[in-house]
Amino acid sequence: MKKVTSALKVFNQSSLPDHPGVIPGLTIKKLAGGTENPTEKISVGLATFEPGTHEHLHWHLIEVFYYVISGRAVMKDIEGKTYDLGPGSVVYATPGIAGSHSWEIKERLQLMGVRATADPEKTIQFDVDPVTKESTMPLDRLAKRHA
């Protein structure tokens, strides 16, 4: 009989390094889907936004699920509707421009973000002009991804 060995990974998030996010004031710990804990199909990050951070309207190629652990923020959608977020708030952003959102951080915000892929090529995000709805990607962001 072949012996079955455990494939579980159990660790504390404090053992992982912080990585800079796509904007100043944002750090991310890759809980799953990074080099420390590779996965096949999802990427999970513990994101920390400092107060006063503003992430402009943007969208993702893949669906994203957010769960707010602590702090406060205001999120806006593509239509300009605002959402007050706090501990326990859940956000599901569909892939594509219809799932566009922005963040305005009111107090230090910590959330878990789950992305529907572990492929870093698919986790890119596009900025959206709130008036024209035109999508763009800054060249420096493309360069960081070796695109």
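In this structure, the ring of His56 has its center no less than 6.0 angstrom from the ring center of His58. Ring-centre distance between His101 and Tyr66: below the 6.0 Å cut-off.
To the nearest 0.5 Å, the span separating CZ on Arg72 from OG on Ser89 amounts to 7.5 Å. In this structure, NE2 in His19 is found 6.0 Å from OG1 in Thr35, a value given to the nearest 0.5 Å. Here the OG1-CD1 distance, from Thr53 to Ile23, works out to 5.5 Å after rounding to the nearest 0.5 Å.
Contact of the Leu61 side chain with the Ile124 side chain is registered, since non-hydrogen atoms from C-beta on lie closer than 4.5 Å. For the pair Ile105 and His54, the minimum side-chain heavy-atom distance is 4.5 Å or more. In this structure the side chain of Val74 never reaches within 4.5 angstrom of the side chain of Leu85, judged on heavy atoms.
Minimum interatomic distance between Gly45 and Ile28 (heavy atoms only, all atoms of both residues): CA-CG2, 4.1 Å.
Applying the side-chain contact (heavy atoms from CB on, under 4.5 Å) test to Thr117 and every residue at least two apart in sequence or in another chain returns Ile62, Asp119, Lys122, Thr123. In this view, Ser6 and Leu8 satisfy the side-chain contact (heavy atoms from CB on, under 4.5 Å) rule, not counting sequence neighbours.
No side-chain donor from either of Thr94 and Glu63 sits under 3.5 Å from a side-chain acceptor of the other.
Between the side chain of Asn12 and the backbone N or O of Ser15, no donor-acceptor pair lies under 3.5 Å.
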Derivation of the side-chain contact (heavy atoms from CB on, under 4.5 Å) call for Leu57 and Trp103: CA-CA 8 Å; Leu57 193 64; Trp103 298 89; over 6 Å; no
Worked verdict on Ile69 versus Leu111 for side-chain contact (heavy atoms from CB on, under 4.5 Å): CA-CA 5 Å; Ile69 298 166; Leu111 59 81; 5.5 Å; no
From CA spacing to verdict: side-chain contact (heavy atoms from CB on, under 4.5 Å), Arg115, Phe65: CA-CA 7 Å; Arg115 299 180 188 295; Phe65 173 89; over 6 Å; no
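Shown here is Lys9, whose NZ atom has more than 12 heavy atoms of other residues, nucleotides or ligands within 6.0 Å. For Glu134, the CD atom is loosely surrounded, since the number of other residues' heavy atoms within 6.0 Å does not exceed 12. Remark: Lys41 NZ is loosely packed, at most 12 non-hydrogen atoms of other residues, nucleotides or ligands lying under 6.0 Å away. Sparse packing is recorded around CD of Glu40, with 12 or fewer heavy atoms of other residues, nucleotides or ligands lying under 6.0 Å away.
A salt bridge is absent between Glu36 and Lys30: the closest approach of a Lys/Arg side-chain nitrogen to an acidic carboxylate oxygen does not fall below 4.0 angstrom.
The aromatic rings of Trp59 and Phe126 sit parallel, their planes meeting at an angle under 30°, below the 60° perpendicular limit.
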